[in-house]
Amino acid sequence: MSEQDAAGNGYDFARIQAKWQAIWDELEPFATRDPDDPRPRKYILDMFPYPSGDLHMGHAEAYALGDVIARYWRQQGFTVLHPIGWDSFGLPAENAAIKRGLDPKKWTYENIEQQKKAMKQYAASFDWDRVLHTSDPGFYKWNQWLFLKMYERGLAYRKASWVNWCPQDQTVLANEQVEDGRCERCGAFAVKKKLTQWYFKITDYADRLLDDLGQLEGTWPSKVISMQRNWIGRSTGADVDFVIEGRDEPLTVFTTRPDTLFGATFMVVAPDSDLAAELVAGSTPEVQAAFADYLTQVQKSTEIERQDAGREKTGVFLDRWAINPVNDERVPIWAADYVLADYGHGAIMAVPAHDQRDLDFALKFELPVRVVVDTNAPVTGAIPVVDPEAPIDDIPSLDPLATGVALNGDGRMINSGPLDGLSKTHAIARMIEILEKDGRGRSARNFRIRDWLISRQRFWGTPIPIIHAENGDLIPVAEDQLPIVLPETEGLDLMPKGTSPLGGAADWINTTNPVDGSPAKRDPDTMDTFVDSSWYFLRFLNPNDDTQAFDPAEAEKWAPVDQYVGGVTHAILHLLYARFITKVLYDMGYVSFTEPFSALLNQGMVLMDGSAMSKSKGNLVRLSDQLQEHGVDAIRLTMSFAGPPEDDIDWADVSPHGAEKFLARAWRLAGDVTSEPGVDWSKGDRALRRETHRFLADAPGLVESFKFNVVVARIMELVNATRKAIDTGAGGGDPAVREAVETVALGLNLFAPYTAEEMWETLGYPPSVALATWRKAEPELLVAESVVCVVQIDGKIREKLTVSPDATEAELEALAMASPNVQRTIAGREIVRTIVRAPKIVSIATK
RNA sequence: GCCCCUGUAGCCCAACCGGCAGAGGCAAACGACUUAAAAUCGUUCAAGUCAGGGUUCGAAUCCCUGCAGGGGCACCA
């Protein structure tokens, strides 16, 4: 297949691959076993895959990049933990079971075997001793343990609420799993369903999840940080209590604009909230009927319709009234679906003059609008503007009733009693003071993020370790009873029907109440698979320990993960959950750190002709075909060389064939080296040595800043220089040539491990190049003998001087002034300024 | 609507703190090899950095405006 192609000279990747796979299997160079290894440690982790069958181009990119980093740190003298496992619970296995009658367990583990083989062929330097599968009872036992710990702390709880339901997958979805109103997995429109479900209380950690993002600044992609910030969505403002006529309890609302409280002319409650139901119950029969109609209509509308900001406002008046706490005005209470039941208090004060949504609503239902901020007035920075007497200019342009545009900018308060004359920021602070003094409000914060819904009505997941007593009590399973193992699928109907298939496993679901021995049932639901992946990185430390989830002492040694590598598709879901669980484990005292992943690299996607590959688009490039055609090393190299790792790779723009040619070229160098190992480098050709050492000096920084494409380019340069030295210069026997080729092998180990091993062996060394250490550049070889100093006159280059690298500024200036070119150019001009930056540039400014 | 990122040869991409725009690759052209082509090897070619303005002795790099592309959040009070 490749005997005579790329190189025409016998570079046969298929032969090399087969040869080294066998050697690696024997040598196991990447197992991390010695607990007393004195070397510094690095934990390099690739996001573990779902066992989907074959590896695809996306895997190939991710594992190539992660492996560069793992191999790099080994070369730098670190002991590297680089494990792999499988995120092996989840819907595809179950769907395959339903569709094709396969056992999900069998399907899963067969796929894992296939992928494992492919990963080994791909030369990923994983520690194969530490493989884990989340679908092993030995793993999910600890998932159940984690659940119980969360339950003990009140962080796992059950509540009835409107949840996202996927009618296709017949299961609930977490908020994070709904995209544009659709199930992120199957694309079906999600619908709302009221169900009692298990939640993890991630909102308790919202502040810390947001604030700690600051620690990740610089080591996480700023894109991911901002996505998480957006997702958590903290707003600051105030809670304000409104007295309701005919109700003992006040109605509390959250607002980010307490300064506009004097402009609150009505209130709105979410129609699907308990509050609306209660208020309506105290109203007239006519209102009750109208409300019932409205509620039905709201619940029929899909999430998509409801989220369309441009859609016309709807609502019903409840014929109930509240009292504005600052001016004692009676304000009507409406129900409208632009207010969400599960944000804030499910109710708002409406300030139509200064909020577009409220204004739209007021215009439609002819509710009063009162301007309380003169947005035309100048705002003078931090100093409060206190001049209530100043005239309010240009009132008509300020009239939202006329323009239909709410005034949400800053300005000077008017019509607001004690706030009059203040600017927005000062008015907000002042209003909060007033409210707090009167006990009618307080400063408050709200979050966009909701609690994490973790129950799923599916079979292939971790059973929730809770027993339901006949009287409805929830009894956690005792820790020593774990794991609650999934029943066999034989005879079980896995068809989705809205309730968990586990409910149909009579032998399994029926149990006894551990308290009194009475009949009881197990919880029929399984956990979201994101629970598994939120702590799996700790399980790698001792994956077979059946006495604890992970060993805190090992965690102390290895964790947090030094470098995490994976796709940006998990920017919110997985990474947020893992951060959350890590903080919970910290609070419980199991770990001493609060962030799981110290650094994150998001690789881009592999595209074809500008769009994601898919069978239906007909632009699918099969990894197996590419490997067959060009070999593992060429594909890995292509992935690394295509561009910055976080950019998408368009397979139409890259050249695996070019990579293959280059590897053959590099490989041939090794055969042309005629000196023996151990020759004295110092006698070698100086120019080539300088190239080699420049590379040795620069490569580490480039790898550490993820400029893999540049490192590859630098290896290419070194290969080109070495080729030239062999053919037309020093010759294959020169020690500098051996030094250069050995350096190429060390560099290629990161990107093309098979070729690197083969070269290393040809050069006369025993395996493995992956365990060889990087060489230090010799400083004296890094200083150039001469450098070019540019002379600029008024920004234009007029002369280039060849000078010693340690020429002084005075020398350079003198040299520049002595140059005929310079003299000619400045003749008759007055020199205003001369700037010298030794040894690079002399810049002369004239008048 | 709010927020973020990116625009450099035909294409993918380099360029440290602002200091000679070019490292590498792809494509192309030419040459060698070949009866010829492919493959292979060698040589060569290329833009003044999206547009406009500003700061500076000096701008791809910093600032402002605009255009183009990509992404995140979005009836979140």
Side-chain angles (χ1 to χ4, degrees), chain A residues 4-9 221-235 237 253-257 260 264 267-268 270 306-311 313 336-340 342-351 354-358 360-361 408 446-450 568 571-572 637-638 641-644 646-659 661-662 664-665 698 701-702 705 707 709-720 723 727 787-797 799-800 831-837 840-846:
Chain A
Q4 289 298 317
D5 59 4
N9 262 324
S222 51
K223 182 177 163 180
V224 174
I225 292 177
S226 85
M227 282 167 79
Q228 293 217 351
R229 284 211 172 101
N230 275 337
W231 187 264
I232 297 166
R234 181 162 65 198
S235 311
V253 298
F254 173 73
T255 177
T256 55
R257 294 294 305 276
T260 61
M267 302 188 78
V268 186
R306 187 167 166 157
Q307 278 176 3
D308 178 7
R311 105 186 221 263
K313 294 282 182 287
D337 70 352
Y338 81 92
V339 171
L340 308 175
D342 56 356
Y343 184 78
H345 304 282
I348 61 157
M349 65 178 211
V351 185
H354 304 288
D355 182 285
Q356 191 61 48
R357 297 155 300 182
D358 296 343
D360 293 344
F361 194 81
N408 41 25
N446 249 298
F447 296 91
R448 209 194 70 93
I449 191 174
R450 305 303 202 290
V568 74
I572 297 172
L637 189 78
T638 302
F641 183 53
E646 56 277 9
D647 287 4
D648 290 344
I649 298 174
D650 194 326
W651 206 248
D653 289 335
V654 296
S655 172
H657 175 71
K661 273 197 303 185
F662 163 72
R665 204 168 133 78
D698 293 348
L702 290 169
S705 49
K707 296 184 173 186
N709 53 329
V710 182
V711 181
V712 173
R714 294 292 302 274
I715 298 176
M716 288 173 170
E717 266 185 272
L718 186 55
V719 166
N720 291 344
R723 183 80 259 158
D727 290 349
V787 293
V788 173
C789 177
V790 176
V791 183
Q792 283 183 358
I793 296 163
D794 293 329
K796 291 207 173 74
I797 292 158
E799 181 63 287
K800 292 182 181 183
I831 293 175
V832 183
R833 221 174 134 191
T834 304
I835 290 132
V836 186
R837 293 282 177 272
K840 286 173 128 175
I841 198 158
V842 177
S843 183
I844 300 166
T846 71

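We name chains A, B, ... by the order of the sequence lines, and we start the count at 1 in each one.
Nucleic acid contact for A/Asn230: base, since at least one base atom lies under 4.0 Å from a heavy atom of the residue. Backbone-only engagement by A/Glu717 is indicated by non-hydrogen atom pairs under 4.0 Å involving sugar-phosphate atoms exclusively. A/Ile835 comes within contact range of at least one nucleobase, with a heavy-atom separation under 4.0 Å.
Nucleotides B/G18 and B/G54, compared at atom C1', are 15 Å apart to the nearest Å. Atom name P, nucleotides B/A23 and B/C16: the rounded distance is 14 Å, in whole Å.
Checking the phosphate oxygens (OP1, OP2) of B/A77, a side-chain nitrogen or oxygen of A/Ser235 falls inside 4.0 Å. Proximity of A/Arg665 to the phosphate of B/G24: no side-chain N or O atom is located under 4.0 Å from OP1 or OP2. For B/A38, the OP1/OP2 oxygens have no side-chain nitrogen or oxygen of A/His657 closer than 4.0 Å. Side-chain nitrogen and oxygen atoms of A/Asn709 include at least one within less than 4.0 Å of the OP1 or OP2 phosphate oxygen of B/A14. Listed pair A/Lys707 / B/A15 meets the phosphate criterion, a side-chain N or O lying under 4.0 Å from OP1 or OP2. OP1 and OP2 of B/G19 both lie 4.0 Å or more from every side-chain N or O belonging to A/Arg837. Contact annotation: A/Asn408 does not reach the phosphate of B/G1 (side-chain N/O to OP1 or OP2, under 4.0 Å).
As a whole-Å value, the separation of A/Asp648 CG from B/U6 C1' is 12 Å. Taking atom CG of residue A/Leu637 and atom C1' of nucleotide B/G25, one finds them 10 Å apart after rounding to whole Å. A straight line from CD1 of A/Ile225 to C1' of B/G71 spans 16 Å, rounded to a whole angstrom. A straight line from NZ of A/Lys661 to C1' of B/G24 spans 13 Å, rounded to a whole angstrom.
Along RNA chain B, the nucleotide closest to A/Ala713 and the one closest to A/Ser843 are compared, and the more 5′ of them pairs with A/Ala713. Comparing A/Val790 and A/Ser222 by the nucleotide of RNA chain B that holds the closest heavy atom to each, the one mapping nearer the 5' end is A/Ser222.
The aromatic rings of A/Phe361 and A/Tyr338 sit tilted, their planes meeting at an angle between 30° and 60°.
Side-chain atoms of A/Lys223 and base atoms of B/C4 include no donor and acceptor less than 3.5 Å apart. Counting distance only, with no hydrogens placed and no angle test, the side-chain atoms of A/Gln792 and the base atoms of B/G19 include a donor-acceptor pair under 3.5 Å. Within 3.5 Å, a donor on the side chain of A/Lys313 pairs with an acceptor on the base of B/C75, or the reverse. You won't find any donor-acceptor pair under 3.5 Å spanning the side chain of A/Ser655 and the base of B/C26, going by distance alone.
Of all the heavy atoms in A/Cys789 and A/Ile841, the pair that sits closest is SG-N, 3.8 Å.
Using a 4.5 Å heavy-atom threshold, the side chains of A/Phe641 and A/Val654 count as separate.
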